[in-house]
Amino acid sequence: MSASEPDTAPGDEPVEKHEAEGVGTYLIGLGLASLLTVVSFFISGTTLVWGPSIPVALVVLAIAQMGVHLVFFLHMTTGPDNVNNVMALAFGVLIVLLVLTGSLWIMAHLNHNMIPMDQMMQMQR
Amino acid sequence: MSAAQATAGHGGPRRTHDGSASKRIIVGYGFWIFLLSDIVMFSAFFATYAVLVGATAGGPDGHDLFDVPNVGVETACLLLSSFTCGLASIGARARNGLLFYGAMAVTFVLGAAFLGLEIHEFSGLAARGDGPTRSAFLSAFFTLVGCHGLHVTAGLLWLLTMMAQVYAKGYRADILRRMLCFGLFWHTLDIIWVALFSVVYLMGVAR
């Protein structure tokens, strides 16, 4: 990284902006996040869509809203001044995915392979 | 204010004379690493909750317990407080006292309202006998949501500390660095709440 592409602290605006532009960024973020939140709450209570698709839709909407928060509130960008911040975030996301999928996967298999509880009780007698 | 203080805040040079990153960038980056480790900790609580969500021991499940309108108000409070926290950090960088103190006060009121609603929900559940000892599902629920609530409590105390520090010491470079970290912390709490209301409450009701 050359000196002409200095780093930006996470949470800072990537380039020098006028005050009003900074407020504008937060306003766009607030609008998009509100929209996604309202859709999430609507979808969870509706019978308009196929039932089993609701959890998938909720996960997709939640990930989209987290992206909105990261870009408009925490100012994560794809610019060269943000490489360090985004790399750290990517590593965090990797660990989160490993913890979540690993736990669910292993526990589902353990549940599947466990002797039903009533049989276990009989064996202990 | 000395010349060094004037240039050390936001808008000052991003690199020191020897070419290394400025202290603001290093402090912000370090705090970002801490926040990511906090998110990893929350992911462990989320995984626990997801594994135990069906283990209700014959007791109530999320569909019986969760009050969606209440969660909607909580979400609105936290989202708006994230927005006003952003306004407060703009105010701090611009050294605009009205914007900084006003936005911080609104952030505090919204955060306190969120916390009050959550405490009301928790005490209502416990009073009905559906406390954390009722089932593995409720243990995981109280651990996960309560941990977020504790973070919000710590954030509110930090918010008051930041207002007092700016009042007592002014917009010094080190105070502005703390304000940067506080903003990161508060926005990250909102990101975790997005996962919480989607996975715990809305999926619990839709199930």
Side-chain angles (χ1 to χ4, degrees), chain A residues 3 6-13 16-17 19-20 22-23 25-27 29-30 33-34 36-38 40-41 43-46 51 54-55 57-59 61-63 65-66 68-70 72-74 81 84-85 88-89 91-93 95-104 106-108 111, chain B residues 10-11 13-15 19 21-22 24-29 31-33 35-37 39-40 42-44 46-48 50-52 68 71-72 75-76 79-80 82-83 85-87 89-91 93-94 96 99 177 180-181 183-184 187-188 190-191 194-195 197-199 201-203 205-207:
Chain A
D7 297 325
T8 299
D12 263 349
E13 296 272 0
E16 295 309 323
K17 277 188 176 176
E19 205 173 317
V23 177
T25 308
Y26 286 110
L27 268 177
L30 180 67
S34 307
L36 288 164
T37 303
V38 168
S40 282
F41 275 79
I43 276 195
S44 74
T46 187
I54 290 177
L58 285 173
V59 168
L61 286 164
I63 291 173
Q65 192 175 342
M66 287 182 197
V68 167
H69 282 239
L70 284 170
F72 292 100
F73 291 161
L74 289 161
D81 56 347
N84 289 334
N85 304 338
L89 173 68
F91 182 69
V93 169
I95 301 297
V96 166
L97 288 179
L98 285 177
V99 168
L100 286 177
T101 56
S103 302
L104 287 171
I106 289 171
M107 293 310 287
N111 254 350
Chain B
H10 189 74
R14 293 221 175 101
R15 286 178 187 279
S22 78
R24 183 176 175 89
I25 290 164
I26 292 168
V27 167
Y29 187 67
F31 198 74
W32 180 229
I33 302 281
L35 286 174
L36 289 167
S37 75
I39 288 172
V40 168
F42 268 103
S43 78
F46 269 104
T48 310
V51 166
L52 295 175
V68 172
V71 178
T75 306
L79 183 58
L80 281 173
S82 215
F83 173 70
C85 177
L87 295 186
S89 53
I90 291 175
R93 269 180 260 158
N96 180 337
L99 184 58
R177 283 199 295 273
L180 172 75
C181 293
L184 282 171
H187 292 313
T188 304
D190 203 21
I191 291 182
V194 170
F197 80 71
S198 298
V199 171
Y201 289 103
L202 295 185
M203 273 194 205
V205 172
R207 197 176 292 271

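Worth knowing before you read on, the calculation uses all heavy atoms, side chains too, and leaves out hydrogens, waters and symmetry mates. Note on naming: letters A, B, ... go to the chains in the order of the sequence lines (proteins, then strands), and numbering restarts at 1 for each one.
- Between chain B and the residues A:N85, A:N111, A:I54, the largest count of heavy-atom pairs under 4.5 Å involves A:N85.
- The line from CD1 of A:I43 to CG of B:L202 is 10.0 Å long, rounded to the nearest 0.5 Å.
- Interface residue B:S89: only side-chain heavy atoms are found under 4.5 Å from chain A.
- Residue A:L58 touches chain B through both its backbone and its side chain, counting heavy-atom pairs closer than 4.5 Å.
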Would A:M107 and B:L52 count as a side chain to side chain contact (heavy atoms under 4.5 Å, CB included) if you check the C-alpha gap in whole Å, the side-chain angles of each, and the deciding distance to 0.1 Å? CA-CA 10 Å; A:M107 293 310 287; B:L52 295 175; over 6 Å; no
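- Residue B:I191 touches chain A through both its backbone and its side chain, counting heavy-atom pairs closer than 4.5 Å.
- In this structure, the side chain of B:W32 does not engage the main chain of A:A88 through any donor-acceptor pair within 3.5 Å.
- In this structure, the separation between CD on A:Q65 and CG on B:D190 is 7.5 Å, given to the nearest 0.5 Å.
- In plain terms, the two heavy atoms of A:A9 and B:R24 that are nearest each other are CB-O, 3.7 Å.
- The two residues B:S43 and A:V96 come nearest to each other via the heavy atoms CB-CG1, 3.7 Å.
- The CZ atom of A:F41 lies 10.0 Å from the OH atom of B:Y201; values are rounded to the nearest 0.5 Å.
- Both the backbone and the side chain of B:V71 come within contact range of chain A, each with at least one heavy atom under 4.5 Å from a heavy atom of that chain.
- Atoms CG and OG, on A:L30 and B:S82 in that order, are 9.0 Å from each other to the nearest 0.5 Å.
- If you measure heavy-atom distances from A:T101 to chain B, you find no contacts under 4.5 Å at all.
- For the side-chain hydrogen bond (donor to acceptor under 3.5 Å, both in side chains) test, no residue two or more places apart in sequence or in another chain qualifies with B:T188.
- Interface summary for chain B: among A:V38, A:L98, A:L27, the most heavy-atom pairs under 4.5 angstrom belong to A:L27.
- Interface remark: B:F197 contributes side-chain atoms only to the contact with chain A (heavy atom separation under 4.5 Å).
- Ring-plane geometry between A:F73 and B:H187 is classed as parallel, the angle between the planes falling under 30 degrees on a 0 to 90 degree scale with a further cut at 60.
- Taking chain B as the reference chain and counting heavy-atom pairs below 4.5 Å, the highest number among A:L61, A:L97, A:L74 is found for A:L74.
- Minimum interatomic distance between B:L79 and A:A33 (heavy atoms only, all atoms of both residues): CD1-CB, 3.7 Å.
- Annotation for B:A50 and A:L104: closest pair CB-CD2, 3.5 Å, computed over non-hydrogen atoms.
- At a threshold of 4.5 Å between non-hydrogen side-chain atoms, the residues A:V59 and B:M203 count as touching.
- Proximity to chain A (any heavy atom under 4.5 Å) is shown, for B:L184, by both the backbone and the side chain.
- The two residues A:G92 and B:V40 have their closest heavy-atom pair at O-CG2, 4.3 Å.
- In this structure, A:L89 and B:L36 approach most closely via the heavy-atom pair N-CD1, 3.7 Å.
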